[in-house]
Amino acid sequence: ENWLQVQNLWIYLEAVFVGGDIARQLPKEAKRFQNIDKSWVKIMTKAHETNNVVLCCVGDEMLGQLLPHLLEQLELCQKSLSGYLERKRLIFPRFFFVSDPALLEILN
């Protein structure tokens with residue numbers, strides 16, 4: 001379950017924090033995401049190299065400890081991003097009628 005949550009959040013936030021204008025405006029979160037990204041890529045590389053899916057998911061205790069931490073860090077990034085979007089909506093109220101993904105597209 002944690003694996004899927006981390007994967008979904010990582011996919012969503014990667015587009016925001018990798019090289020976009022928002023990453024420059026939220027440097028602390030961009031740095032946090034960069035560290036998360038390194039860990040996630042290591043996990044995915046190890047998963048790719050492991051032939052036995054059960055061994056990959058259950059056999060590694062470090063994975064069981066790392067995934068909740070990554071999820072927590074990703075949620076902090078998402079919370080900061082939501083605050084950033086809320087500030088943009090307060091500046092320009094018409095943005096209240098735009099979804100978060102659409103607003104990210106406009107701002108990036």
Side-chain angles (χ1 to χ4, degrees):
E1 183 180 330
N2 280 341
W3 188 301
L4 292 176
Q5 289 176 322
V6 169
Q7 182 176 344
N8 287 334
L9 263 176
W10 179 84
I11 289 169
Y12 176 71
L13 294 173
E14 181 192 27
V16 175
F17 288 114
V18 176
D21 185 47
I22 295 173
R24 285 188 290 278
Q25 294 184 30
L26 298 172
K28 183 179 172 186
E29 280 67 32
K31 179 70 174 166
R32 177 179 288 140
F33 185 81
Q34 201 173 43
N35 292 331
I36 294 166
D37 185 58
K38 288 177 189 175
S39 297
W40 183 246
V41 168
K42 286 179 187 175
I43 290 170
M44 290 293 99
T45 302
K46 186 175 179 187
H48 180 72
E49 293 170 352
T50 305
N51 292 332
N52 186 334
V53 70
V54 175
L55 184 63
C56 176
C57 295
V58 183
D60 188 358
E61 279 189 37
M62 189 184 95
L63 188 64
Q65 296 170 357
L66 184 59
L67 284 176
H69 174 71
L70 290 179
L71 182 59
E72 179 183 310
Q73 294 297 306
L74 283 167
E75 286 172 345
L76 287 173
C77 289
Q78 186 176 29
K79 185 175 179 180
S80 296
L81 179 61
S82 294
Y84 170 80
L85 294 177
E86 186 66 23
R87 289 189 299 275
K88 293 298 181 182
R89 286 182 170 113
L90 290 172
I91 292 170
F92 193 67
R94 290 185 185 194
F95 284 157
F96 280 106
F97 300 103
V98 178
S99 68
D100 283 358
L103 183 54
L104 287 170
E105 189 84 18
I106 293 168
L107 295 174
N108 237 354

Is any side-chain heavy atom of [X] closer than 4.5 Å to a side-chain heavy atom of [Y]?
| X | Y | result |
| --- | --- | --- |
| Glu75 | Lys79 | no |
| Val16 | Phe33 | no |
| Leu81 | Tyr12 | yes |

Plane angle bin for Trp40 and Trp10 - parallel if under 30°, tilted between 30 and 60°, otherwise perpendicular: tilted

Please indicate whether [X] has more than 12 foreign heavy atoms, meaning atoms of other residues, nucleotides or ligands, lying under 6.0 Å from its [atom1].
| X | atom1 | answer |
| --- | --- | --- |
| Gln25 | CD | yes |
| Phe97 | CZ | no |
| Asn51 | CG | no |

Side-chain heavy atoms nearer than 4.5 Å, only ILVMFWY residues, links allowed to pass through others: does that put [X] and [Y] together?
| X | Y | answer |
| --- | --- | --- |
| Leu66 | Met44 | yes |
| Val18 | Leu85 | yes |
| Ile11 | Ile43 | yes |

With sequence neighbours excluded, residues passing side chain to side chain donor-acceptor pair (under 3.5 Å) with Asn35: none

Closest contact, heavy atoms only, Ala30 versus Ala23: CB-O, 3.6 Å

Option from Ile22, Leu103, Leu104 for which side-chain contact (heavy atoms from CB on, under 4.5 Å) with Tyr84 holds: Ile22

What's the spacing between [X] [atom1] and [Y] [atom2] if we round to 0.5 Å?
| X | Y | atom1 | atom2 | value |
| --- | --- | --- | --- | --- |
| Glu29 | Leu74 | CD | CG | 12.0 Å |
| Leu90 | Lys88 | CG | NZ | 11.0 Å |
| Ser39 | His69 | OG | NE2 | 7.0 Å |
| Cys77 | Lys28 | SG | NZ | 10.0 Å |
| Leu67 | Gln7 | CG | CD | 10.5 Å |
| Ser80 | Phe17 | OG | CZ | 7.0 Å |

Salt bridge (Lys or Arg N to Asp or Glu O under 4.0 Å) partners of Asp100, counting only residues at least two apart: Arg89

Whichever hydrophobic residues join Leu76 through chains of side-chain contacts under 4.5 Å: none

